[in-house]
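Lettering follows sequence order; numbering is per chain, from 1. What you are looking at is a predicted structure, and each value in this text was computed from that prediction instead of being measured.
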Amino acid sequence: MRAFILAGGFATRLWPLTEKRAKPLLPLAGVPLLTRLVDAVPPHIPVTVSTNAAFADGFAAWRATMRRPDIDVIIEQTVHEGEKLGALGAVAQWIAATGVDEGLLLLTGDNYLGFRMDDFLAAYDGNVPLLAAHDLGDVARARAFGTVVLDADGRSVRSFEEKPAKPKSSLVNTGCSALPAKTLPLLVEHARKHPDNVGGVFEALLAAGWAVHCFQFHEPWFDIGSFDAYLEATRALVGDAVVGDASAMTGTTCAGSVVLGNASRVSGSSLRNVVLFERCSVEDCVLEDCVVDDDCVLKGIDLRGKMLRAGTVLRD
Amino acid sequence: MRRVLLTLLWLVTDSIVYLAAYGLAYGVKVGWILSTDLPVDTYLSAVAITVPGWLFVMVTMRNFSLSRGQATAKNLAYIAYACVIGMAGVALVFYFLNQLLFSRELLLLGGMFSVGGVFVWHATFDHLQRWLLRMGPPTYPLLIIGTNREAQRLVELLQRERSPITPVAILDGRGGGPKSVAGIPVVGKLNALEETIRRFHITHLVQCDQLEQSINLVSVCRAHGLTYLLLPFTLGVVEPYVPTETLGGKPVIAVHPRNAWWEWFFR
């Protein structure tokens, strides 16, 4: 089995955090999303990460931090959103180029998966495609995802609809699936017409008569697609705590989730649900529900619900 | 460089128009046969000495600003105010040099001709300057953030006015909008901001949407040395006149209630 992680999206909704950084490399509670995913993949499964040329340097730097030797980063030669191959297109291109004939563990790089990958792989029998699904509990929210309707056995997928206008279920695809080698030709064929529709592979498999199984989990899952989702994920993982070097904060009150990046310093401030990336300097500020990118300098400023671009300097 | 040269030319020609206005007043009042009671060189020397001071007043009133509509009543008022100060300067300088004053009617004529002459020259020069600044690659390429109707109205207005601050590209922060607005291409979303700034050599950015990103847009402008502009509509301010005032010394944007016209005096 090989693992393939899709990390080539341009993540426009998280601008400016994704101005010079791919979304999978966004730190979540101090650890890049991609690192969390890769660390979850068992060591016997080689990992391929697919990204685009716009973020090549960032991924090279990330690769250098990873001790695991079997990580291959492949670069799609696109620098604009309009040029990209599409997520499924990138997988298909890789399959065709490498002649892969093993099962595929397909992961989307901007998802946080709270379950144990070993449990997921244990549920995979090697012959039937398996997707991981999470119940959102809200049918309306499910519109933004691929929705899954199960058979009475609670395991077999009866139907799959990608981003339906009227979802029949609040059970959604979470960007983690295991595909047997026999299904790869269908994936490649489907990618020709729908290069950006990863979830559509399951619709195609079901239409072609394949059985598809569902691994339903209740642990946390986050699709980090927006500022609100990023903050929500941080709060869920960190809780009411401070992550980072607490000694770098002086005369500061914290509430909710606070994440302090490397070499960031805070003094005389009040922080509530704040994520500071690296080398930030915050003095005499009141920040709430904010994400502050690298190298920001804030002094005497009150902010709420803001994402700050790297290098922002705000002094009263 | 284009703008610098044009501004220098403007200052020089303004000085000539100002001097010529007072010269014309002399011809009209005193006559074209040079007088010995009021020698023309004595008179024009006093006018010439006041030129730098008058230009200083004109500059500080932003009468040479790119964003100032030159052929407008408001600009006429500003020019008139500067020329009234010029008149006072001419009278004072003449008195200090010669220990006497000259004809009040001559002074008034000089003032009136300078107001009219400078205003007409400003409108003419502005027309020429706009053409030159928009020629070839525009001197001041403008990037617009947003594709809403206000953005469209702004683009159409700037095109109609042949503004030297020339819209060249639009970024649609929300996506899914039109591919172009009034002929100006929508080149992407905010993640294309830095690349767009480089590609189009942007000098000005106007935000028409996504108020939540204003801090980041200002930050980008600071980083690249651009001028950041905010359409007041983005704040929900639809009034045509939105002054920047001060409150306790701090600058604030003021939106006053629509009261009787004379009430502005008591604010």
Taking everything shown except [X] itself, do over 12 heavy atoms lie less than 6.0 Å from its [atom1]?
X	atom1	answer
Y228(B)	OH	yes
I253(B)	CD1	no
L5(B)	CG	yes
D138(A)	CG	yes
R3(B)	CZ	yes
H224(B)	NE2	yes

Which of residues 289-309 of chain A have a heavy atom under 4.5 Å from any heavy atom of chain B?
-> L303(A), K306(A), M307(A), L308(A), R309(A)

Residue-level interface, residues 16-26 of chain A with chain B, non-hydrogen cut-off under 4.5 Å = P16(A), E19(A), K20(A)

Below 4.5 Å from any heavy atom of chain B, which atoms of L314(A) appear? Answer side chain, backbone, both or neither.
-> side chain

Between V220(B) and chain A, which part of the residue has a heavy atom less than 4.5 Å away: side chain, backbone, both or neither?
-> both

Part of A223(B) within contact of chain A (heavy atom distance under 4.5 Å) | side chain

What distance do N216(B) atom CG and W15(A) atom CH2 have between them, rounded to the nearest 0.5 Å?
-> 5.0 Å

